[in-house]
Structures are given as C-alpha cells and as structure tokens.
Number of protein chains: 2
Amino acid sequence: MDVQQPRWLTDEEMQTWLALASVLIRLPAALDDQLQRDAGISHFEYQVLAMLSGAPERTLRMSTLAVFANGSLSRLSHVAGRLEKAGWVRRTPDPTDGRYTLAILTDAGWEKVVATAPGHVETVRALVFDPLTRPQQRQLGDIGRRIARTVDPGGSHLDSFSS
Amino acid sequence: MDVQQPRWLTDEEMQTWLALASVLIRLPAALDDQLQRDAGISHFEYQVLAMLSGAPERTLRMSTLAVFANGSLSRLSHVAGRLEKAGWVRRTPDPTDGRYTLAILTDAGWEKVVATAPGHVETVRALVFDPLTRPQQRQLGDIGRRIARTVDPGGSHLDSFSS
DNA sequence: TTGGCTCGGTTGACACTTCAAGCTAGGATG
DNA sequence: CATCCTAGCTTGAAGTGTCAACCGAGCCAA
C-alpha cells in the first residue's frame with residue numbers, strides 16, 4: 001500500500017534474502033521428510049506430541065497446545081482427531097470447566113515420542129547446528145529471536161521444553 | 001534410525017531452535033499474508049513471476065523455474081495453469097527442443113510484478129533486515145548459506161536476481 | 001429462570017500440495 | 001526405420017490446511 005520510495009535491496013541483501021528464502025522452504029521440508037520416513041508423522045504432529053510429553057500430567061488445553069505447536073486451533077482439532085484415532089492422544093472436557101477441552105498424551109503416545117525424539121533431534125543438529133561455528137550458533141539464536149519478535153510482537157515463545 | 005547416544009540439545013541450543021522454529025513457521029505465513037492482502041497472490045506465485053521478470057526474455061524453462069522458485073515441477077505446473085488463466089504467464093513448447101516447455105511472462109504479468117514488488121520488498125526489509133544490526137545481517141547471509149548448503153547439497157542458489 | 005453474550009472447540013466445504021501414473025519428444029540402439 | 005529408453009511436463013486423485021459457519025458451556029443481567 002502506497003510505497004513512496006521503495007528502499008531496494010542491495011546485492012548483498014539480496015543474496016542473504018535468497019539464502020534465507022531457500023532455508024525457509026527447504027529446512028521444514030527436510031524435517032518433515034525425516035519424521036515421515038522414520039516415524040510416519042508430520043512435523044506438526046510431532047510438535048503436538050512433544051509439547052504434550054513435556055507438559056504437567058502430559059495434558060494441555062487445546063487452545064494452549066495450538067499456540068505451543070505454532071498452529072491454528074482448527075488445524076489442531078483436525079490433527080488431534082487423527083492422533084486420537086492412532087491411539088496417541090485422547091480428549092476429554094475439562095472437569096473444572098466444560099468449555100475447555102483437555103488433550104492428554106496416552107502411554108502409547110509417550111512411547112511414540114520416546115522412540116521418535118532422538119532421531120529428530122539428531123536431524124536438527126545435523127542440519128542446523130553442525131554446519132555453524134559456535135559464535136554463529138549464538139548469533140542465530142539472537143537473530144531468530146529478533147525476527148520472531150518482529151513478525152509476531154505478541155509471541156510467547158518461552159517454553160522450557162526438554163524431552 | 002538407530003541412534004546410539006543422542007547428542008541432546010543444551011538449553012541454549014533449545015532456545016535457539018525454538019526461536020528458529022517459530023521463524024520457520026511464522027515468517028512465511030506473514031509474507032504470504034502480505035502478498036495475499038495487497039496483491040491477491042501467494043508467495044510462491046510471486047516468486048514465479050519475480051523469477052521470470054528477472055530472466056532474459058522474461059522466459060525460463062519450467063524445470064529451471066521450479067528450482068529457482070523452490071518448488072516441485074508438479075506444483076509449478078498447477079500454479080502455471082492458474083497464472084496462465086490470469087493472463088500473467090503463457091507457455092509454449094521450446095522451438096529448439098519440443099521436450100521443454102517455456103514459461104513466458106506477459107506484459108500484464110510484468111505490470112503485476114512492478115506493482116507488487118515494492119510492497120513485498122518493503123515487508124521483507126521490515127521483518128528481516130530492520131530488526132538486525134549490520135553485522136548480524138551479514139552473519140545471517142553466511143548462516144543461511146551454510147544451512148541451505150547442508151539441507152540441499154546439490155543446490156544452485158546463486159542467481160543474480162534484481163527487480 | 002430466561003435470554004443473550006462470549007468464546008473454546010468442532011465441522012464441512014473449498015483450495016492447494018503431493019504423489020503416482022501417464023503422455024510425448026527426442027535420442028539411442030538394432 | 002522400428003523399438004526402446006529417458007526425461008520434461010501434465011494430469012487426476014488423495015491428503016492436508018484454511019476459512020467460515022456452527023455448537024454448546026458458562027457467565028451475566030433483567
């Protein structure tokens with residue numbers, strides 16, 4: 001809308017942007033491929049299971065889980081249906097307030113995460129951390145946080161997430 | 001498969017990875033939103049048009065274009081169909097070798113790029129470059145290229161692309 | 001208690017990507 | 001030439017995400 005004098009990209013900026021655009025497309029695809037191949041699930045499904053595995057009681061409200069997993073509530077609802085059918089998750093109304101729905105990781109779901117996490121972490125390490133020097137790894141953290149904060153100023157990306 | 005001793009992520013690495021994961025999801029979504037809102041096209045469609053606009057004769061083979069736009073040939077074929085119906089692109093068999101198909105940017109397509117590019121560039125600048133210091137911008141280029149090269153070792157991401 | 005409001009969650013239709021199969025032009029091989 | 005093979009591209013079906021409409025539980029006010 002109404003750009004007076006477009007601040008064009010320099011050659012160097014363009015090279016940077018092309019590299020980033022490539023990463024933006026291909027890195028998620030590579031992670032999806034690995035998970036699909038080794039565990040038969042998508043990256044989003046993995047995030048859902050992983051977030052639940054790290055939550056108290058292995059339980060989260062659907063709306064909270066949607067934020068943690070970086071997805072819309074609608075998307076989560078569809079996916080939760082599939083995960084439920086697979087026996088990894090079950091849903092029940094929150095006993096303390098029937099408006100909420102609790103998503104709970106089953107024992108089978110826990111086993112799935114335990115079986116899947118190491119290979120996935122290994123892939124993240126191989127694709128993201130290993131090619132960088134240690135100072136670059138630290139820089140990437142700062143850079144990532146800055147961009148994330150700019151893209152989504154109301155973002156709550158401060159989950160202590162192990163497992 | 002078969003991970004002997006998973007090299008777990010340290011807390012700092014986990015923070016970095018969470019920030020990056022967030023960017024990986026939300027930055028493309030933000031770029032898509034801007035283009036959809038202001039120009040009614042997806043980011044992938046924009047990339048197709050933009051790559052053609054920077055090519056000699058505003059023409060590229062479908063297979064080449066697919067690589068430049070970071071997409072599969074099948075996906076490009078579907079999208080090219082839509083862009084063709086919109087009058088921005090036309091396709092003809094390569095006169096010198098009928099096995100290839102040439103995608104050509106029409107005048108209307110050129111106008112579309114000219115009208116859309118400034119706002120898009122402005123968004124990229126606002127979301128990616130502005131929040132970073134100049135050294136970080138340079139670091140991001142190096143980091144992006146390293147990761148891109150690792151994810152896709154056969155990648156030819158060296159297009160001098162202006163416009 | 002009744003009606004309306006809010007909001008978490010679900011559902012179904014539509015759009016887009018992927019996957020696998022198929023088509024065709026050109027080259028290679030006999 | 002005739003046949004096979006390769007490779008670029010297209011096509012249709014199946015799966016997944018998005019969007020908008022809807023449902024229902026709890027809250028509040030009359």
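Chain letters run A, B, ... following the sequence lines, proteins first, then strands; residues in each count from 1.
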With sequence neighbours excluded, residues passing side-chain hydrogen bond (donor to acceptor under 3.5 Å, both in side chains) with A:Arg82: none

Can you give the donor-acceptor pairs under 3.5 Å from side chains of residues 73-80 of chain A to other protein atoms, not counting sequence neighbours?
none

Summary of ring pair (Phe, Tyr, Trp, His ring centres under 6.0 Å) pairs that have at least one residue in residues 115-140 of chain B, sequence neighbours excluded: B:His43-B:His120, B:Tyr46-B:His120

Contact interval (first through last nucleotide) of DNA chain D with protein chain A, 4.0 Å heavy-atom: D:dT16 to D:dG26

Closest-nucleotide ordering on DNA chain D, the 5'-leading residue of A:Gly98 and B:Arg61: B:Arg61

Listed partners of B:Arg125 passing side-chain hydrogen bond (donor to acceptor under 3.5 Å, both in side chains), at least two apart: A:Glu13

Which side-chain N or O atoms in residues 57-68 of chain A pair as donor and acceptor under 3.5 Å with protein atoms at least two apart or in another chain?
residue	atom	partner	partner atom	Å
A:Thr59	OG1	A:Glu57	O	2.7

Of all pairs that satisfy salt bridge (charged side-chain N to carboxylate O under 4.0 Å, His left out), the ones with a partner from residues 110-121 of chain A, not counting sequence neighbours: none

Along DNA chain C, first and last positions that approach a heavy atom of chain A under 4.0 Å: C:dG8 to C:dG12

A:Arg91 or A:Asp33, whichever maps to the more 5' nucleotide of DNA chain C: A:Arg91

Within residues 135-144 of chain B or reaching into it, pairs that qualify as salt bridge (charged side-chain N to carboxylate O under 4.0 Å, His left out) - sequence neighbours excluded: A:Glu12-B:Arg138, B:Asp142-B:Arg146

Nearest-nucleotide 5' precedence on DNA chain D, A:Asp94 against A:Glu45: A:Glu45

side-chain hydrogen bond (donor to acceptor under 3.5 Å, both in side chains) involving A:Arg91 - partner list, sequence neighbours excluded: A:Glu84

Short side-chain to backbone donor-acceptor contact, B:Thr101 and B:Pro93, under 3.5 Å: no

Partners meeting side-chain hydrogen bond (donor to acceptor under 3.5 Å, both in side chains) with A:Gln36 (sequence neighbours left out): none

Residues touching DNA chain C, which here means a heavy atom under 4.0 Å, drawn from residues 72-85 of chain A: A:Leu73, A:Ser74, A:Ser77, A:His78

